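Hydrogens, waters and symmetry mates play no part in the numbers below; they use all other heavy atoms, side chains included. None of the values given here were measured: they were computed from a predicted structure.
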There are 2 protein chains.
Amino acid sequence: MDSIDIRILKLLESNARMTASEISGIVRLSVPACSERLKKLESSGVIKQYTTIIDNRYLKKTMTAMMFVSLERPRFTDKFVEAVNAEGDVLECHYLAGDFDYLLKIVTENTDTLERLLNRIKSVQGVQKTRTIVVLSTVKNNYSVSLGDGTDA
Amino acid sequence: MDSIDIRILKLLESNARMTASEISGIVRLSVPACSERLKKLESSGVIKQYTTIIDNRYLKKTMTAMMFVSLERPRFTDKFVEAVNAEGDVLECHYLAGDFDYLLKIVTENTDTLERLLNRIKSVQGVQKTRTIVVLSTVKNNYSVSLGDGTDA
DNA sequence: CTTGAAACGCGAGAATC
DNA sequence: GATTCTCGCGTTTCAAG
(Lines give C-alpha, C1' and ligand atoms only; values in the text may rest on other atoms or scores of the structure.)
Protein backbone atom coordinates (compact mmCIF):
# COMPACT_ATOMS: atom_id res chain seq x y z
CA MET A 1 0.00 0.00 0.00
CA ASP A 2 1.94 3.01 -1.25
CA SER A 3 0.75 6.46 -2.20
CA ILE A 4 -0.24 5.31 -5.67
CA ASP A 5 -2.57 2.70 -4.20
CA ILE A 6 -4.09 5.43 -2.06
CA ARG A 7 -4.68 7.54 -5.14
CA ILE A 8 -6.28 4.61 -6.94
CA LEU A 9 -8.56 3.98 -3.98
CA LYS A 10 -9.48 7.63 -3.86
CA LEU A 11 -10.46 7.57 -7.52
CA LEU A 12 -12.52 4.42 -7.06
CA GLU A 13 -14.14 5.94 -4.02
CA SER A 14 -15.38 8.82 -6.14
CA ASN A 15 -16.43 6.53 -8.97
CA ALA A 16 -16.38 2.77 -8.64
CA ARG A 17 -17.03 2.24 -12.34
CA MET A 18 -13.82 3.92 -13.44
CA THR A 19 -11.90 1.71 -15.86
CA ALA A 20 -8.31 0.66 -15.38
CA SER A 21 -7.24 2.71 -18.37
CA GLU A 22 -8.91 5.84 -17.01
CA ILE A 23 -7.13 5.33 -13.71
CA SER A 24 -3.81 4.65 -15.41
CA GLY A 25 -4.05 7.95 -17.22
CA ILE A 26 -4.58 9.88 -14.01
CA VAL A 27 -2.03 8.17 -11.79
CA ARG A 28 0.48 7.98 -14.64
CA LEU A 29 0.94 4.26 -14.68
CA SER A 30 0.62 1.76 -17.48
CA VAL A 31 -2.67 -0.06 -17.83
CA PRO A 32 -1.29 -3.50 -16.87
CA ALA A 33 0.39 -2.04 -13.78
CA CYS A 34 -2.89 -0.44 -12.78
CA SER A 35 -4.85 -3.60 -13.38
CA GLU A 36 -2.47 -5.56 -11.22
CA ARG A 37 -2.74 -3.09 -8.35
CA LEU A 38 -6.49 -3.18 -8.69
CA LYS A 39 -6.60 -6.95 -8.46
CA LYS A 40 -4.32 -6.94 -5.45
CA LEU A 41 -6.44 -4.35 -3.69
CA GLU A 42 -9.50 -6.47 -4.36
CA SER A 43 -8.07 -9.86 -3.41
CA SER A 44 -6.30 -8.58 -0.31
CA GLY A 45 -9.57 -7.24 1.04
CA VAL A 46 -8.59 -3.58 1.11
CA ILE A 47 -11.49 -3.01 -1.27
CA LYS A 48 -14.45 -4.45 0.56
CA GLN A 49 -17.14 -3.70 -1.96
CA TYR A 50 -18.06 -1.71 -5.01
CA THR A 51 -21.49 -0.35 -4.30
CA THR A 52 -24.06 2.02 -5.68
CA ILE A 53 -25.61 4.77 -3.61
CA ILE A 54 -29.25 5.26 -4.45
CA ASP A 55 -30.95 8.54 -3.72
CA ASN A 56 -33.42 7.78 -0.96
CA ARG A 57 -35.76 10.46 -2.29
CA TYR A 58 -36.59 8.25 -5.26
CA LEU A 59 -37.40 5.42 -2.89
CA LYS A 60 -39.66 7.76 -0.92
CA LYS A 61 -37.51 7.19 2.14
CA THR A 62 -36.94 10.73 3.24
CA MET A 63 -36.95 10.33 6.97
CA THR A 64 -33.88 9.49 9.00
CA ALA A 65 -33.83 8.64 12.68
CA MET A 66 -31.43 7.36 15.30
CA MET A 67 -32.76 4.80 17.72
CA PHE A 68 -31.06 3.79 20.93
CA VAL A 69 -31.99 0.37 22.26
CA SER A 70 -31.21 -1.39 25.51
CA LEU A 71 -31.57 -5.10 26.10
CA GLU A 72 -32.44 -6.68 29.42
CA ARG A 73 -29.72 -9.28 29.23
CA PRO A 74 -26.94 -10.22 26.79
CA ARG A 75 -28.64 -13.52 26.10
CA PHE A 76 -31.25 -11.69 24.01
CA THR A 77 -28.53 -10.44 21.67
CA ASP A 78 -28.90 -13.09 18.98
CA LYS A 79 -32.63 -12.56 18.58
CA PHE A 80 -32.17 -8.81 18.49
CA VAL A 81 -29.40 -8.92 15.89
CA GLU A 82 -31.54 -11.22 13.79
CA ALA A 83 -34.48 -8.84 14.00
CA VAL A 84 -32.31 -5.87 13.11
CA ASN A 85 -30.89 -7.63 10.08
CA ALA A 86 -34.38 -8.42 8.89
CA GLU A 87 -35.39 -4.75 8.96
CA GLY A 88 -34.55 -3.18 5.63
CA ASP A 89 -34.99 0.34 6.96
CA VAL A 90 -32.33 -0.22 9.61
CA LEU A 91 -29.14 0.71 7.82
CA GLU A 92 -26.72 0.52 10.70
CA CYS A 93 -26.59 -1.13 14.09
CA HIS A 94 -23.75 -0.43 16.50
CA TYR A 95 -23.08 -2.02 19.84
CA LEU A 96 -22.22 0.72 22.30
CA ALA A 97 -20.13 1.27 25.39
CA GLY A 98 -22.55 3.37 27.33
CA ASP A 99 -25.96 3.89 28.75
CA PHE A 100 -27.74 2.21 25.85
CA ASP A 101 -26.63 -1.04 24.26
CA TYR A 102 -27.30 -0.30 20.61
CA LEU A 103 -27.63 2.58 18.22
CA LEU A 104 -29.66 2.03 15.07
CA LYS A 105 -29.62 4.29 12.07
CA ILE A 106 -32.98 4.21 10.35
CA VAL A 107 -34.04 5.51 6.95
CA THR A 108 -37.73 5.20 6.33
CA GLU A 109 -40.72 6.75 4.59
CA ASN A 110 -42.45 8.83 7.24
CA THR A 111 -43.53 8.97 10.85
CA ASP A 112 -46.04 6.17 10.26
CA THR A 113 -43.46 3.70 9.05
CA LEU A 114 -41.10 4.87 11.78
CA GLU A 115 -43.75 4.27 14.38
CA ARG A 116 -44.44 0.79 13.10
CA LEU A 117 -40.73 0.01 13.00
CA LEU A 118 -40.33 1.31 16.53
CA ASN A 119 -43.14 -0.94 17.67
CA ARG A 120 -41.59 -3.94 15.96
CA ILE A 121 -38.27 -3.23 17.65
CA LYS A 122 -39.95 -2.79 20.99
CA SER A 123 -41.67 -6.15 20.60
CA VAL A 124 -38.41 -8.00 20.09
CA GLN A 125 -37.76 -10.23 23.07
CA GLY A 126 -35.47 -8.62 25.60
CA VAL A 127 -35.79 -5.03 24.40
CA GLN A 128 -36.07 -3.01 27.57
CA LYS A 129 -35.76 0.62 26.65
CA THR A 130 -35.57 2.71 23.50
CA ARG A 131 -34.99 6.32 22.68
CA THR A 132 -35.56 7.67 19.18
CA ILE A 133 -34.10 10.87 17.82
CA VAL A 134 -35.34 12.30 14.55
CA VAL A 135 -32.75 13.63 12.12
CA LEU A 136 -33.75 16.98 10.65
CA SER A 137 -31.06 17.15 8.02
CA THR A 138 -27.82 15.45 7.14
CA VAL A 139 -24.85 17.78 6.83
CA LYS A 140 -22.28 15.20 5.82
CA ASN A 141 -22.57 11.61 4.73
CA ASN A 142 -19.46 9.79 3.59
CA TYR A 143 -19.31 6.05 3.18
CA SER A 144 -15.66 5.40 3.76
CA VAL A 145 -12.82 7.12 5.54
CA SER A 146 -11.28 10.01 3.62
CA LEU A 147 -7.99 9.11 2.04
CA GLY A 148 -6.28 12.48 1.96
CA ASP A 149 -4.58 13.63 -1.21
CA GLY A 150 -2.24 10.67 -1.59
CA THR A 151 0.87 12.70 -0.92
CA ASP A 152 1.36 11.03 2.42
CA ALA A 153 0.47 7.60 3.91
CA MET B 1 -39.05 3.06 -12.17
CA ASP B 2 -40.53 -0.40 -12.58
CA SER B 3 -39.54 -3.67 -10.99
CA ILE B 4 -36.80 -4.27 -13.54
CA ASP B 5 -35.16 -0.98 -12.57
CA ILE B 6 -35.31 -2.07 -8.96
CA ARG B 7 -33.61 -5.32 -9.82
CA ILE B 8 -30.91 -3.48 -11.76
CA LEU B 9 -30.32 -1.16 -8.80
CA LYS B 10 -30.13 -4.12 -6.48
CA LEU B 11 -27.48 -5.74 -8.63
CA LEU B 12 -25.46 -2.54 -8.81
CA GLU B 13 -25.79 -2.13 -5.08
CA SER B 14 -24.11 -5.47 -4.57
CA ASN B 15 -21.47 -4.77 -7.21
CA ALA B 16 -21.16 -1.38 -8.83
CA ARG B 17 -18.69 -2.65 -11.42
CA MET B 18 -21.13 -5.07 -12.99
CA THR B 19 -21.25 -4.65 -16.76
CA ALA B 20 -24.41 -3.98 -18.72
CA SER B 21 -24.17 -7.36 -20.40
CA GLU B 22 -23.87 -9.14 -17.07
CA ILE B 23 -26.95 -7.32 -15.84
CA SER B 24 -28.85 -8.01 -19.04
CA GLY B 25 -28.27 -11.72 -18.59
CA ILE B 26 -29.67 -11.70 -15.09
CA VAL B 27 -32.71 -9.49 -15.62
CA ARG B 28 -33.44 -11.09 -19.01
CA LEU B 29 -33.27 -7.98 -21.09
CA SER B 30 -31.25 -7.14 -24.17
CA VAL B 31 -27.96 -5.35 -23.65
CA PRO B 32 -29.03 -2.10 -25.35
CA ALA B 33 -32.20 -2.01 -23.25
CA CYS B 34 -30.14 -2.44 -20.12
CA SER B 35 -27.67 0.23 -21.11
CA GLU B 36 -30.47 2.68 -21.69
CA ARG B 37 -32.05 1.99 -18.31
CA LEU B 38 -28.66 2.40 -16.71
CA LYS B 39 -28.09 5.76 -18.30
CA LYS B 40 -31.54 6.93 -17.31
CA LEU B 41 -31.03 5.85 -13.73
CA GLU B 42 -27.76 7.77 -13.70
CA SER B 43 -28.94 10.94 -15.39
CA SER B 44 -32.19 11.13 -13.44
CA GLY B 45 -30.27 11.08 -10.18
CA VAL B 46 -31.71 7.83 -8.84
CA ILE B 47 -28.15 6.57 -8.80
CA LYS B 48 -26.32 9.12 -6.71
CA GLN B 49 -22.88 7.60 -6.83
CA TYR B 50 -20.86 4.52 -7.58
CA THR B 51 -18.48 4.18 -4.71
CA THR B 52 -15.91 1.84 -3.27
CA ILE B 53 -15.98 0.70 0.32
CA ILE B 54 -12.52 0.41 1.76
CA ASP B 55 -11.86 -1.81 4.74
CA ASN B 56 -10.99 0.55 7.55
CA ARG B 57 -8.70 -2.06 9.07
CA TYR B 58 -6.22 -1.52 6.26
CA LEU B 59 -6.28 2.19 6.94
CA LYS B 60 -5.62 1.46 10.61
CA LYS B 61 -8.90 3.16 11.46
CA THR B 62 -10.40 0.57 13.72
CA MET B 63 -12.16 2.77 16.22
CA THR B 64 -15.69 4.06 15.74
CA ALA B 65 -17.41 6.59 17.96
CA MET B 66 -20.57 8.64 18.02
CA MET B 67 -20.25 12.23 19.15
CA PHE B 68 -23.13 14.45 20.14
CA VAL B 69 -22.51 18.16 19.86
CA SER B 70 -24.53 21.17 20.95
CA LEU B 71 -23.98 24.70 19.72
CA GLU B 72 -24.63 27.83 21.74
CA ARG B 73 -26.52 29.56 18.99
CA PRO B 74 -27.57 28.76 15.42
CA ARG B 75 -25.31 31.53 14.13
CA PHE B 76 -22.32 29.26 14.80
CA THR B 77 -23.68 26.66 12.41
CA ASP B 78 -21.68 27.66 9.35
CA LYS B 79 -18.34 27.51 11.13
CA PHE B 80 -19.22 24.20 12.69
CA VAL B 81 -20.32 22.62 9.41
CA GLU B 82 -17.13 23.85 7.82
CA ALA B 83 -15.04 22.32 10.61
CA VAL B 84 -16.90 19.02 10.36
CA ASN B 85 -16.39 18.84 6.62
CA ALA B 86 -12.68 19.42 7.07
CA GLU B 87 -12.37 16.45 9.42
CA GLY B 88 -11.69 13.33 7.41
CA ASP B 89 -12.46 11.03 10.31
CA VAL B 90 -15.96 12.45 10.65
CA LEU B 91 -17.97 10.33 8.25
CA GLU B 92 -21.42 11.59 9.05
CA CYS B 93 -22.97 14.65 10.60
CA HIS B 94 -26.68 14.84 11.28
CA TYR B 95 -28.66 17.76 12.59
CA LEU B 96 -30.99 16.52 15.29
CA ALA B 97 -34.36 17.28 16.74
CA GLY B 98 -33.52 16.77 20.38
CA ASP B 99 -31.36 17.52 23.32
CA PHE B 100 -28.18 17.76 21.28
CA ASP B 101 -27.90 19.60 17.99
CA TYR B 102 -25.64 17.26 16.03
CA LEU B 103 -24.60 13.65 15.91
CA LEU B 104 -21.24 12.86 14.35
CA LYS B 105 -20.11 9.41 13.30
CA ILE B 106 -16.38 9.11 13.67
CA VAL B 107 -13.99 6.46 12.39
CA THR B 108 -10.47 6.96 13.60
CA GLU B 109 -7.25 5.19 14.58
CA ASN B 110 -7.34 4.97 18.36
CA THR B 111 -8.19 6.78 21.55
CA ASP B 112 -5.37 9.25 20.97
CA THR B 113 -6.64 10.39 17.61
CA LEU B 114 -10.18 10.40 18.99
CA GLU B 115 -9.06 12.59 21.87
CA ARG B 116 -7.37 15.04 19.55
CA LEU B 117 -10.41 15.13 17.29
CA LEU B 118 -12.65 15.70 20.27
CA ASN B 119 -10.48 18.59 21.35
CA ARG B 120 -10.56 20.10 17.88
CA ILE B 121 -14.35 19.86 17.83
CA LYS B 122 -14.58 21.38 21.29
CA SER B 123 -12.45 24.32 20.17
CA VAL B 124 -14.76 25.18 17.29
CA GLN B 125 -16.45 28.48 18.03
CA GLY B 126 -19.90 28.01 19.52
CA VAL B 127 -19.52 24.39 20.60
CA GLN B 128 -21.11 24.25 24.01
CA LYS B 129 -21.44 20.65 24.98
CA THR B 130 -20.35 17.27 23.65
CA ARG B 131 -20.94 13.67 24.55
CA THR B 132 -18.95 10.89 22.99
CA ILE B 133 -19.99 7.25 22.87
CA VAL B 134 -17.53 4.58 21.83
CA VAL B 135 -18.75 1.88 19.47
CA LEU B 136 -17.65 -1.58 20.56
CA SER B 137 -18.69 -3.40 17.42
CA THR B 138 -20.82 -2.85 14.37
CA VAL B 139 -23.55 -5.40 13.85
CA LYS B 140 -24.93 -4.04 10.60
CA ASN B 141 -23.65 -1.46 8.17
CA ASN B 142 -25.51 -0.90 4.93
CA TYR B 143 -24.90 2.06 2.72
CA SER B 144 -28.23 2.39 1.01
CA VAL B 145 -31.80 1.40 1.75
CA SER B 146 -32.62 -2.23 1.00
CA LEU B 147 -34.53 -2.69 -2.20
CA GLY B 148 -36.49 -5.81 -1.44
CA ASP B 149 -36.58 -8.61 -3.98
CA GLY B 150 -37.96 -6.59 -6.88
CA THR B 151 -41.26 -8.41 -6.92
CA ASP B 152 -43.06 -5.35 -5.62
CA ALA B 153 -42.51 -1.56 -5.77
C1' DC C 1 -39.06 -3.76 -26.35
C1' DT C 2 -36.36 -7.14 -29.73
C1' DT C 3 -32.28 -8.85 -32.91
C1' DG C 4 -28.18 -8.07 -35.65
C1' DA C 5 -24.16 -5.67 -37.42
C1' DA C 6 -20.37 -2.45 -37.35
C1' DA C 7 -16.93 0.40 -34.90
C1' DC C 8 -14.60 1.52 -30.94
C1' DG C 9 -12.49 0.89 -26.51
C1' DC C 10 -11.12 -1.91 -22.80
C1' DG C 11 -8.90 -5.87 -20.40
C1' DA C 12 -5.87 -9.91 -20.25
C1' DG C 13 -1.78 -12.21 -21.53
C1' DA C 14 2.71 -12.82 -23.39
C1' DA C 15 7.01 -11.02 -24.91
C1' DT C 16 10.44 -7.62 -24.27
C1' DC C 17 13.27 -3.95 -22.21
C1' DG D 1 8.11 -1.02 -13.15
C1' DA D 2 7.05 0.42 -19.11
C1' DT D 3 5.93 -1.02 -23.91
C1' DT D 4 3.91 -3.28 -27.63
C1' DC D 5 1.08 -6.62 -29.79
C1' DT D 6 -2.77 -9.65 -30.08
C1' DC D 7 -7.15 -11.56 -28.90
C1' DG D 8 -11.64 -11.66 -26.97
C1' DC D 9 -15.25 -9.19 -24.90
C1' DG D 10 -18.20 -5.25 -23.64
C1' DT D 11 -20.25 -0.98 -25.13
C1' DT D 12 -22.47 2.14 -28.25
C1' DT D 13 -24.95 3.27 -31.99
C1' DC D 14 -27.13 2.26 -35.81
C1' DA D 15 -30.64 -0.24 -38.48
C1' DA D 16 -34.99 -2.85 -38.92
C1' DG D 17 -38.89 -5.47 -36.94
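- A:R37 has a side-chain polar atom (N or O) that falls below the 4.0 Å cut-off from OP1 or OP2 of D:dG1.
- Atom CG in A:L29 sits about 8 Å away from atom C1' in D:dG1, given to the nearest Å.
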Identify the pairs formed between an N or O of the protein and an N or O of nucleotides 11-17 of chain D at a distance under 3.5 Å, and give each distance.
| unit_1 | atom_1 | unit_2 | atom_2 | d |
| --- | --- | --- | --- | --- |
| D:dT11 | OP1 | B:A20 | N | 2.5 |
| D:dT11 | OP2 | B:S21 | N | 2.8 |
| D:dT11 | OP2 | B:S21 | OG | 3.3 |
| D:dT12 | OP2 | B:S35 | OG | 3.2 |
| D:dT13 | OP2 | B:K39 | NZ | 3.0 |

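- In this structure, the nucleotide among D:dT3, D:dG1, C:dT2 sitting nearest to the side chain of A:A33 is D:dG1.
- Rounding to whole angstrom units, CG of residue A:L38 and P of C:dG11 are separated by 9 Å.
- B:I23 has its CD1 atom 19 Å from the P atom of D:dC9, to the nearest Å.
- Here the CD atom belonging to B:E115 is positioned 11.0 Å from the OG1 atom belonging to B:T132, to the nearest 0.5 angstrom.
- Remark: side-chain polar atoms of B:E22 are paired, donor with acceptor, to backbone N or O of B:T19 under 3.5 angstrom.
- Once rounded to the nearest 0.5 Å, the distance linking CD of A:E13 with CE of A:M18 reads 11.5 Å.
- The heavy-atom pair separating B:M67 from B:I106 by the smallest distance is CE-CD1, 3.5 Å.
- B:T52 places a side-chain N or O within 3.5 Å of a backbone atom of A:L12 that can act as its donor or acceptor partner.
- Remark: of the listed residues A:T113, A:N56, A:D55, A:D89, A:D89 is the sole one forming a side chain to side chain donor-acceptor pair (under 3.5 Å) with A:K61.
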